[in-house]
Amino acid sequence: MRRNVEVKARLRELAAVRGAAERLGGPARAQVLVQADTFFRVPRGRLKLRRTPGGRGELIFYERPDAAGPKLSCFSITPTDDPDGLEAVLAQALGVLGVLRKQRLLYLVGQTRVHLDSVEGLGDFLELEVVLSEEQSVEDGERVARQLMKELGIEEEDLISGAYLDLLLAKGESGS
């Protein structure tokens, strides 16, 4: 499984964090991604089918602790050209937890994917994914994440645990 160290945080000032991400990301422009994630019931971890424009998708399984702050995430991704058929089979076999829709601005800062997410029904968030090489430890990734949090102005009280879907479900919305 691939590994990264992740951080999720609520954004108080999207424009300020976006400006900082643009400065840190250098001359490359942010990539705009429109995503719809269908989460399925599984006995451990999380399983989601991510739909992207153009009729393609990715099946993503990941495990990470539901804790605020930098944390290890282990994941596997496989692409699909038939997200409709795959969703139908998975929904029948496992059941659907909910659907999450978001627009994501992606910046690449060194080995880190910096996401500025506008999540339908929830608001604006930041997600950091420090992509770890085989040689790097979790502690190395945590150091990178904490330094980026500082540079982006993210405070400890802004950090969230769990997935966006958990926040939607807590509000009584399933997104579907």
Are any of the side-chain nitrogens in [X] or [Y] under 4.0 Å away from the carboxylate oxygens of its partner?
{"X": "Glu63", "Y": "Lys71", "answer": "no"}
{"X": "Arg18", "Y": "Glu22", "answer": "yes"}
{"X": "Asp37", "Y": "Arg51", "answer": "no"}

Supply the atom-to-atom distance [X] [atom1] to [Y] [atom2], rounded to the nearest 0.5 angstrom.
{"X": "Arg2", "Y": "Ser133", "atom1": "CZ", "atom2": "OG", "value": "13.5 Å"}
{"X": "Asn4", "Y": "Arg64", "atom1": "CG", "atom2": "CZ", "value": "9.0 Å"}
{"X": "Leu11", "Y": "Ile154", "atom1": "CG", "atom2": "CD1", "value": "5.5 Å"}

[Y] and [X], any side-chain heavy atoms less than 4.5 Å apart:
{"X": "Arg10", "Y": "Ile160", "answer": "yes"}
{"X": "Gln35", "Y": "Asp117", "answer": "no"}
{"X": "Leu106", "Y": "Arg113", "answer": "yes"}
{"X": "Glu87", "Y": "Phe40", "answer": "yes"}

**OP:** Indicate, with yes or no, if the rings of Tyr164 and Phe125 have centres closer together than 6.0 Å.
**Re:**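 Ring centres of Phe125 and Tyr164 closer than 6.0 Å.
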
Original post:
Out of curiosity, does Leu148 fall in the hydrophobic cluster containing Leu14 (side-chain heavy atoms, cut-off under 4.5 Å, transitive links)?
Top reply: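 Yes, Leu14 and Leu148 fall within the same hydrophobic cluster.
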
**OP:** Could you tell me which non-hydrogen atom of Val99 sits nearest to which non-hydrogen atom of Leu168, and how far apart they are?
**Re:**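 Residues Val99 and Leu168, closest heavy atoms: O-CD1, 4.0 Å.
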
